[in-house]
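Structure first, commentary second.
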Amino acid sequence: MRQRMCLVGSLIAIVIFFLLKECKPVIASACQGDCIDVKCPTNCSCTKHRVDCHDLNLKYIPLVPCCITHLNLYNNSISKLSMKEISNLKCSFETILFMNLRKCRIQQLEEDVFDNLTKLEVLDLSANEIFLHQKENLQRALGSLNKAPLRTLKLDRLWMQDGVQDIFKYFEGKYLTHLSMRENRIQQFEDSGLKKFTKLVHLDLHGNWISKMNLSSGIQTLELFNLSHNQINIFPPNFCDNETGQTRYNNLRNLDLFWNQIIVPDPQKWNCLKSLETLNLSRNDLEEINQNYSFTSLTSLKTLILSEMHFSLRKLRKQALKSGSLQHLVLSRNYLNFEERKEVENDIFHYLLNLTLLDVSNNEFGSDGANKLSKLSHLEKLIMRHVYLAKLPDNFLGNFPHLKHLDLYRNKIETFSINAFQNLTELKFLDLSENLISNFPVPPFPPATLKSLETFDFAYNPFQCDCEIVKLQKWIYNVLSDPSKHNLVLRYPDDYRCHKPNSLHQVPLKNAEPNNCKNSYDQFVLSVVCSAIICLVSTVVIAVAFVYRWEIKFLLHKMRQKRHDGYNPLTDTFEYSTYLVYAEKDSAWVIHDLLKELEEEDKYNIYIRDRNSVPGVARCDEIVDNIYKSKTVILVLSKNFMACQWCNYQLNVAQARAVKLGPRFLISILLEGICIKYMKTSVQHLFRTSKPIEWARRSTKNRLFWSELKTALNAEINQEFEETVRSLCQAILDPVAIKKTDENIDAKH
Ligand SMILES: *[C@@H]1O[C@H](CO)[C@@H](O)[C@H](O)[C@H]1NC(C)=O
Ligand SMILES: *[C@@H]1O[C@H](CO)[C@@H](O)[C@H](O)[C@H]1NC(C)=O
Ligand SMILES: *[C@@H]1O[C@H](CO)[C@@H](O)[C@H](O)[C@H]1NC(C)=O
Ligand SMILES: *[C@@H]1O[C@H](CO)[C@@H](O)[C@H](O)[C@H]1NC(C)=O
Ligand SMILES: *[C@@H]1O[C@H](CO)[C@@H](O)[C@H](O)[C@H]1NC(C)=O
Ligand SMILES: *[C@@H]1O[C@H](CO)[C@@H](O)[C@H](O)[C@H]1NC(C)=O
Ligand SMILES: *[C@@H]1O[C@H](CO)[C@@H](O)[C@H](O)[C@H]1NC(C)=O
Ligand SMILES: *[C@@H]1O[C@H](CO)[C@@H](O)[C@H](O)[C@H]1NC(C)=O
Ligand SMILES: *[C@@H]1O[C@H](CO)[C@@H](O)[C@H](O)[C@H]1NC(C)=O
Ligand SMILES: *[C@@H]1O[C@H](CO)[C@@H](O)[C@H](O)[C@H]1NC(C)=O
C-alpha cells in the first residue's frame with residue numbers, strides 16, 4: 001500500500017516537473033498598447049527582428065515594431081537626434097542590440113539620448129557632423145550608454161582632431177571590445193585616454209594623422225592595433241618601456257603599420273612584443289633591412305608584410321630576415337633585383353626555415369634570382385607574379401616538395417619540361433598564364449602532379465599552332481573529360497588563342513586546325529596497323545614462296561626464256577646442239593631421263609660418245625672433233641663424274657673451247673650433292689664460273705630443271721671460234737694420263 005502511494009506520488013511529481021518545464025516564464029512584453037499595431041515602416045524592409053531603412057533620406061527615426069534587435073538607418077537625413085526621435089524606438093527599447101546611425105547627417109543630439117536603449121551592444125555613429133557642433137553633448141550622449149552592454153563603438157569620420165583624450169569623458173566602456181576611430185584627423189595618440197576600457201581587443205585608428213604616440217599606459221587586452229595610413233615617421237611607435245624593456249601590450253597579435261613613414265625599423269621599439277604574430281610594414285619608407293633590424297626578437301611572428309616600398313627599399317642585407325617562427329612572408333612590389341647581390345644578399349632566405357608562404361611578386365628574378373629560394377623546403381605557397389622569371393629550371397621546384405600553390409603569372413618563361421614538376425605531388429593550384437610559352441610539353445607534368453592538381457591556368461600564352469598543337473588539344477580534351485578534372489583548366493577555351501602561324505593568329509586554341517598535318521594520333525595508329533599488316537603479309541608471302549619456291553623459280557625462268565627466244569635461233573654451223581659428258585655409271589639417268597626428255601622435241605641433236613662415236617677414230621681426236629662440232633657441252637656432274645678420268649679429259653677440252661665460245665658453252669647439271677673436297681680443280685673452277693642446274697626428282701623442281709636446261713641449250717653463244725683447241729688438247733693431256741684413261745674406258749666397255 002505504501003509502495004503504491006510512493007509510486008503514484010513519484011508519477012505525479014514527474015508530471016508536475018514536465019508541466020513546469022513547459023511553462024516558460026511570461027515576459028512582460030513591451031508590445032502592448034500603442035505598440036500592438038505598429039507595422040514595418042514605409043519603404044523599409046523588415047524581417048522578424050530587423051528593420052532596414054537605409055538610403056531613404058528619412059528626416060526622422062520611424063516608429064519601429066515590437067521586439068526588433070537590429071535597426072539600420074544608414075544614409076538618412078536625421079539632422080537632430082532628440083529624445084522625441086528616439087521615443088519612436090520605444091516598442092523595442094528593451095531589445096535593440098544593434099543600431100546603425102552612420103552617415104545620418106546628425107548635427108545635434110541631446111545628451112541623454114541613449115538612456116533607454118539598455119540592451120544596445122553595437123552602435124555606429126560614424127560620418128556625422130556632431131563633434132564639430134556639439135562636442136560636449138556627444139561626450140554626454142556617450143555617457144548615456146553606460147547602462148548598455150556596449151561592445152562595439154564606431155566613431156569614424158567625426159572630424160575630432162585631438163579628441164581621443166576627452167571624448168570618453170563620461171563613457172565608461174566597461175564592456176567595450178571593439179573601438180573604431182578611423183579617419184578622424186587625430187594627430188596625437190595617448191593610450192592613457194583608453195585606460196578605462198579594460199576589455200578592449202580591437203583598436204582601429206586607420207587613416208588618421210597620427211605622428212606622435214605615447215604608449216606607456218598600455219592596453220593589456222589589445223590584440224589588434226590598426227595604425228595603417230597614419231604619419232608615424234622615422235621610427236616605429238615605441239611599445240617597449242625604456243627602462244625595463246617590458247611592454248603593456250602583452251596580448252598584441254596583429255600590428256598594422258601599413259602606409260606610414262617609418263624609415264628605420266628599429267627593433268628596440270617592438271622587441272618586447274613577444275605575442276606579435278602579424279606585422280604589416282608595407283608602404284613605409286624603409287631604405288634597407290639588415291641584421292640589426294632583423295625580426296628575430298619577435299619570437300611569435302608568423303606573418304610579415306614588407307611590400308610596396310619600391311621608392312625607398314634598396315637593399316636586403318645579410319641575415320636581414322631571420323626568424324624561425326615566420327611562416328608567411330610578403331615582399332611584393334619592391335622592384336628589387338634578386339639576381340643582384342648588391343640589392344638582395346644571397347643568404348636572404350636561409351634563415352626562414354619554417355616559411356610556408358612566400359610572395360615575391362613584382363620584383364625581378366631574371367634567370368638566376370630564383371636560386372636564392374632553394375632552402376625554403378617547407379614552402380606550400382609560392383607567388384612569383386611578374387618577376388621577369390626567364391626560365392623554370394628542372395631542379396628548381398624540386399626544392400619545394402610540399403608546394404600546393406604556385407603562381408607564375410606574367411613572367412618570361414619560354415619553355416619548361418615535364419621534369420620541372422617532378423616530385424610535386426601535392427600541387428593544387430598552378431598559374432602559368434601570360435608567359436611566353438609557345439610549345440607546351442605534353443603532358444605538361446607527371447601523372448602524380450596532375451592527380452593532385454585542381455586548378456591550372458595557362459591562358460594568354462603565345463601558342464604556336466603547328467602540327468604539334470594537336471597533342472596539347474587532345475591532352476586538354478582528355479583531362480577535361482575526367483569528371484573530377486572538369487574545371488581544371490581555368491578560362492578555357494576563351495582565353496587560349498594561337499599566336500602563330502599568322503594564318504591562325506587569334507584563333508582559339510581549341511578550334512585550331514593546323515594545315516598540312518594529319519592527326520598524329522591517327523597517324524600513329526595507322527602506322528602501327530600498317531606495319532602489322534605488312535608484317536603479316538610478308539610472313540605469308542615468305543611462307544608461300546618457300547612452299548612454292550620451285551614453281552616460282554620456274555615461272556621466273558620461263559619469263560626470262562621468253563625474252564631470249566625472240567633473238568636466239570639455232571645456228572646451223574654446229575652439227576650437234578650439245579655434247580654430253582657423263583660418267584659411265586650415270587648412263588642410266590642419261591638415257592632414261594635426259595635423252596628421253598630432250599629428244600622428245602626434235603630440236604636437239606645430241607652427241608653421246610657411246611652412240612655416235614665412229615669406230616677406229618682415235619679417242620682424243622674424236623672427243624676434240626665432236627666437242628668442236630657441238631654448240632654446247634652438257635656436263636653431268638656426280639660423284640661418278642669425279643671418279644671418271646675421261647670425263648675430266650672431256651671437261652678440260654670443253655673448258656678450253658669455252659675460252660672462245662664463252663661460259664654459256666658449258667652447261668653443268670648437278671645430279672647429286674658433291675662434297676667440295678672431292679672436286680677436281682677444274683670442276684671447282686666450273687662451279688665458280690657458272691651455277692649448275694640441279695636435278696631433282698620432285699616433279700615441281702623437275703619442271704624447273706628441264707626448263708632451265710633447255711634455255712641453256714637454246715642460248716646464243718660466242719661463235720668466234722679459233723683453231724686453238726686441237727693443239728690445246730695435246731698440251732693439256734699428259735700422254736700417260738691419256739693412255740691410262742683410255743684403258744679405263746676400255747675396261748668399262
Ligand atoms: C516611399 O518611396 C516612394 C517612392 O520611392 C516615395 O514616393 C514615398 O514618399 C516614400 N515614402 C516615405 C514615407 O518616405
Ligand atoms: C544615400 O542615399 C541617397 C538616397 O537617399 C542616394 O542617392 C545616395 O547614393 C546614398 N549615398 C550612399 C553613399 O549610399
Ligand atoms: C526612458 O524611459 C523612462 C521610463 O521608463 C521614460 O520616463 C523616459 O522618458 C524615457 N526616455 C526616452 C528618451 O524615451
Ligand atoms: C606618456 O604618458 C604618460 C602617462 O600619461 C606620461 O607620464 C609620460 O610622461 C608620457 N610620455 C611622454 C614622452 O610624453
Ligand atoms: C586596417 O585597416 C585597413 C583599412 O580599412 C584595412 O584594410 C586593414 O585590413 C586593417 N588591418 C587589419 C590588420 O585588419
Ligand atoms: C626613451 O628613450 C628614448 C631614446 O632612446 C627617449 O627619446 C625617450 O624620451 C625615452 N622615453 C622615456 C619615457 O623615457
Ligand atoms: C597588412 O597585412 C595584414 C596581414 O596580412 C593584413 O591583414 C592587412 O590587411 C594589411 N593591411 C593593409 C592596409 O593592407
Ligand atoms: C649594426 O649595428 C652596429 C652597432 O650599432 C653597427 O656597428 C653595424 O654596422 C650595424 N650593422 C649594419 C649592417 O648596419
Ligand atoms: C616551426 O613550425 C612548427 C609547426 O608549425 C612549430 O612547431 C615550430 O615551433 C616552428 N619553429 C619555430 C622556430 O618557431
Ligand atoms: C625527386 O626526388 C628524388 C628522390 O627524392 C630525387 O632524387 C630527385 O632529384 C628529385 N627530383 C627533382 C627534380 O628534384
Side-chain angles (χ1 to χ4, degrees), residues 38-46 51-65 71-79 85 88 100-107 124-129 152-158 164 177-186 189 200-210 213 219 221-232 236-237 239 249 251-262 270 273 275-284 298 300-308 326-330 332-333 357 359:
V38 182
K39 298 278 172 311
C40 183
T42 328
N43 293 358
C44 297
S45 67
C46 304
V51 174
D52 193 343
C53 303
H54 65 85
D55 298 322
L56 288 178
N57 210 17
L58 296 175
K59 304 267 179 319
Y60 55 92
I61 293 180
L63 192 63
V64 299
L71 175 62
N72 184 5
L73 289 166
Y74 171 74
N75 189 18
N76 281 292
S77 297
I78 307 159
S79 60
E85 294 286 337
N88 278 342
N100 187 353
L101 289 169
R102 195 181 184 95
K103 205 168 191 270
C104 279
R105 296 177 186 83
I106 301 168
Q107 294 181 353
D124 191 345
L125 272 177
S126 304
N128 286 294
E129 290 142 46
T152 301
L153 179 60
K154 294 194 178 178
L155 300 172
D156 306 336
R157 285 203 193 208
L158 293 178
V164 191
T177 56
H178 288 63
L179 175 62
S180 173
M181 297 176 79
R182 300 158 65 133
E183 296 169 59
N184 270 310
R185 301 184 191 165
I186 299 168
F189 177 79
L200 195 62
V201 171
H202 192 133
L203 177 58
D204 191 347
L205 292 174
H206 163 88
N208 281 287
W209 298 352
I210 299 170
M213 297 189 88
I219 305 171
T221 48
L222 197 66
E223 292 180 8
L224 188 150
F225 199 172
N226 195 340
L227 278 168
S228 61
H229 205 342
N230 273 284
Q231 293 173 7
I232 301 162
F239 285 91
Y249 287 84
N251 284 301
L252 193 62
R253 296 208 161 83
N254 190 339
L255 177 58
D256 194 342
L257 288 168
F258 171 84
W259 203 348
N260 277 279
Q261 293 151 20
I262 300 166
W270 59 38
L273 297 174
S275 54
L276 195 67
E277 291 173 1
T278 304
L279 176 58
N280 192 337
L281 270 178
S282 301
R283 232 208 250 203
N284 274 282
L298 299 172
S300 299
L301 196 65
K302 291 196 172 71
T303 303
L304 178 60
I305 322 283
L306 290 169
S307 54
E308 297 186 56
L326 201 65
Q327 295 175 356
H328 302 171
L329 175 62
V330 180
S332 59
R333 294 188 176 275
L357 179 151
D359 184 349

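Each ligand, and each atom within it, is numbered from 1 in the order the structure gives. Given the structure is predicted, the values throughout are model-derived calculations rather than measurements.
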Number the atoms of ligand 5 from 1 as they appear, then name those within less than 4.0 Å of a heavy atom of [X], with their elements.
| X | value |
| --- | --- |
| His206 | 2 (O), 3 (C), 4 (C) |
| Ser228 | 1 (C), 2 (O), 3 (C) |
| Asn254 | 13 (C) |

task: Would you mind running through ligand 2 and noting each atom that sits below 4.0 Å from a heavy atom of Lys103?
output: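 Numbered from 1, ligand 2 contributes 13 (C).
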
message: Give the atom numbers and elements of ligand 2 that come within less than 4.0 Å of a heavy atom of Asp55.
response: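 Under 4.0 Å from Asp55, ligand 2 has these atoms: 1 (C), 2 (O), 4 (C), 5 (O), 10 (C), 14 (O).
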
Check: every ligand 1 N/O to protein N/O pair under 3.5 Å:
from	atom 1	to	atom 2	distance (Å)
ligand 1	2 (O)	Asn43	OD1	3.3
ligand 1	2 (O)	Asn43	ND2	2.2
ligand 1	11 (N)	Asn43	ND2	2.9

query: Taking NZ, NE, NH1 and NH2 as the nitrogens, is one of them in Arg333 or Glu308 under 4.0 Å from a carboxylate oxygen of the other?
result: no

query: Is a salt bridge present between Lys154 and Asp204, judged by a nitrogen-to-oxygen distance below 4.0 Å?
result: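 Looking at Lys154 and Asp204, the cut-off is not met.
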
- prompt: Rounded to the nearest 0.5 Å, how far does OG of Ser282 lie from CG of Leu257?
  reply: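 It comes to 10.0 Å.
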
- request: Report the distance from atom OG of Ser228 to atom CG of Asn260, rounding to the nearest 0.5 Å.
  value: 8.0 Å

message: Test of understanding: given a 4.0 Å heavy-atom threshold, classify the contact between Arg182 and ligand 5 as side chain, backbone, both, or neither.
response: side chain

- request: Of the side chain and backbone of Thr278, name the one, both, or neither that has a heavy atom under 4.0 Å from an atom of ligand 5.
  value: neither

Sequence-distant partners of His202, ring-ring contact (aromatic ring centres under 6.0 Å, His included), two or more places apart: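 Per chain and number, His202 pairs via ring-ring contact (aromatic ring centres under 6.0 Å, His included) with His178.
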
query: Looking only at atom types and distance, does a side-chain atom of Asp359 sit under 3.5 Å from a main-chain N or O of Ser332, one as donor and one as acceptor?
result: no

task: Over 60° means perpendicular and under 30° means parallel, so classify the ring planes of Phe225 and Tyr249, tilted if in between.
output: parallel

query: Relative to each other, are the rings of His229 and Trp259 parallel, tilted or perpendicular (30° and 60° limits)?
result: parallel

message: Can you confirm, on distance only, whether ligand 5 has an N/O atom lying under 3.5 Å from any N/O atom belonging to Asn226?
response: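 Yes - when backbone and side-chain N and O of Asn226 are compared with those of ligand 5, one distance drops under 3.5 Å.
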
field: Arg182 atom CZ: more than 12 heavy-atom contacts under 6.0 Å
entry: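 It does: Arg182 CZ has more than 12 such atoms within range.
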
